[in-house]
Every structure is written in structure tokens, then in C-alpha cells.
Amino acid sequence: MPTYLLNNIDGIITEYKVNRSKILIKEQDVHEHLHETLQEVKLIKEGKIPTTMK
């Protein structure tokens, strides 16, 4: 995770008294879902997954 994002998270934690671990876990989940979605888009573009969108 880039340093500037960690600094932003630290600012939120200080201001709102949030658990840093929970934020980092959520951020990791977002990245995993984004990666899965991009992989699926790639397969759709390659014609390996049928799509109903036209």
C-alpha cells in the first residue's frame, strides 16, 4: 500500500478512533475483488466467458 494512503488512514484513525487493522483488511478485500473483476473482464474480451451485454 502506498505511503500516502497509510498516512491518510492514520489521520482517519486519529480523528475517529478506528482500528487500523480493520481498515487495512477492508482495503485488501477491495484489491482482491478488483483483481478478480479485471481477470473476468480479460476473459470476456478474449471470448472465454460469454456475455449477455451488447
Side-chain angles (χ1 to χ4, degrees):
M1 176 181 293
T3 304
Y4 74 93
L5 288 177
L6 286 174
N7 291 338
N8 287 344
I9 289 171
D10 287 341
I12 292 169
I13 289 167
T14 303
E15 186 173 344
Y16 296 103
K17 297 179 181 156
V18 178
N19 185 332
R20 186 180 198 197
S21 299
K22 288 182 181 180
I23 291 173
L24 294 176
I25 289 169
K26 291 293 181 188
E27 188 270 340
Q28 181 180 354
D29 289 345
V30 168
H31 280 273
E32 288 174 5
H33 289 294
L34 178 60
H35 178 74
E36 291 170 6
T37 301
L38 292 175
Q39 290 297 325
E40 191 172 321
V41 168
K42 179 183 173 200
L43 292 174
I44 289 170
K45 288 177 98 175
E46 293 173 350
K48 296 178 181 175
I49 296 178
T51 179
T52 57
M53 294 177 60
K54 292 184 180 188

Are Ile13 and Val30 connected in the hydrophobic side-chain network, where two residues link if heavy atoms are under 4.5 Å apart?
no

Spacing of Asn8 atom CG and Thr3 atom OG1 [to the nearest 0.5 Å]
11.0 Å

Identify every side-chain donor-acceptor pair in residues 33-43 under 3.5 Å, counting partners at least two apart or on other chains, and give the distances.
from	atom 1	to	atom 2	distance (Å)
Thr37	OG1	His33	O	2.8

Please name all residues satisfying salt bridge (charged side-chain N to carboxylate O under 4.0 Å, His left out) with Lys45, sequence neighbours left out, ordered by chain then number.
none

Checking Asn19 now: which residues fulfil side chain to side chain contact (heavy atoms under 4.5 Å, CB included) with it, not counting sequence neighbours?
Ser21, Lys22

